[in-house]
Amino acid sequence: METSETSKLEGNAGLSNLTNMGKGRPKGAVNKSTAIVREAIANLLERNAPNMDKWLNEVAADDPYKALDLMNKLSEYHIPKLARTEVTGKDGEAQEMVIRWGGKK
């Protein structure tokens with residue numbers, strides 16, 4: 001018994017090499033919903049930039065630590081975090097360092 005799904009796949013078998021069907025987005029590509037949300041947040045922040053200073057000052061009047069924490073959290077959206085990397089030697093073993101001063105090689 002043949003289902004409609006299998007017949008669709010078999011019918012398109014000759015075209016599979018001509019299309020990107022089933023390959024998904026390229027690496028690093030943002031989906032449309034994510035792009036829309038990011039743009040909306042950017043617009044909201046841009047419109048409220050003049051108010052942020054005032055709001056932070058109001059928070060700092062009651063709790064300076066909380067104001068500093070808010071500034072730190074906001075900065076994460078402006079300054080990207082660096083990814084941690086581990087440097088290892090061959091096959092994940094300890095890295096060997098050779099240091100020579102002057103003289104012959």
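Values in this document were obtained by computation on a predicted structure and should not be read as measured data.
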### Task
Please confirm whether the backbone N or O of Leu68 pairs with a side-chain atom of Asn72, one donor and one acceptor, at under 3.5 Å?
no
### Query
In the hydrophobic cluster built from side-chain contacts under 4.5 Å, what are the other members alongside Leu56?
Val59, Leu70, Met71
### Summary
Cluster membership besides Trp101, Ile/Leu/Val/Met/Phe/Trp/Tyr side chains within less than 4.5 angstrom, sorted by chain and number, is Ile99
### Query
Is the number of heavy atoms from other residues, nucleotides or ligands under 6.0 Å of Glu58 CD greater than 12?
yes
### Gly92 versus Thr88, closest heavy-atom pair with distance
CA-OG1, 3.7 Å
### Query
Is it true that atom CD of Gln95 has more than 12 heavy atoms of other residues, nucleotides or ligands lying nearer than 6.0 Å?
yes
### Task
Return the minimal non-hydrogen interatomic distance between Asn31 and Ser33, and the atom names on each side.
OD1-N, 3.0 Å
### Step-by-step side chain to side chain contact (heavy atoms under 4.5 Å, CB included) determination, Asn48 to Asn51
CA-CA 5 Å; Asn48 285 295; Asn51 297 326; 3.3 Å; yes
### Task
List, by chain and number, the other hydrophobic cluster members for Val87, where Ile, Leu, Val, Met, Phe, Trp and Tyr join if side-chain heavy atoms come within less than 4.5 Å, directly or indirectly.
none
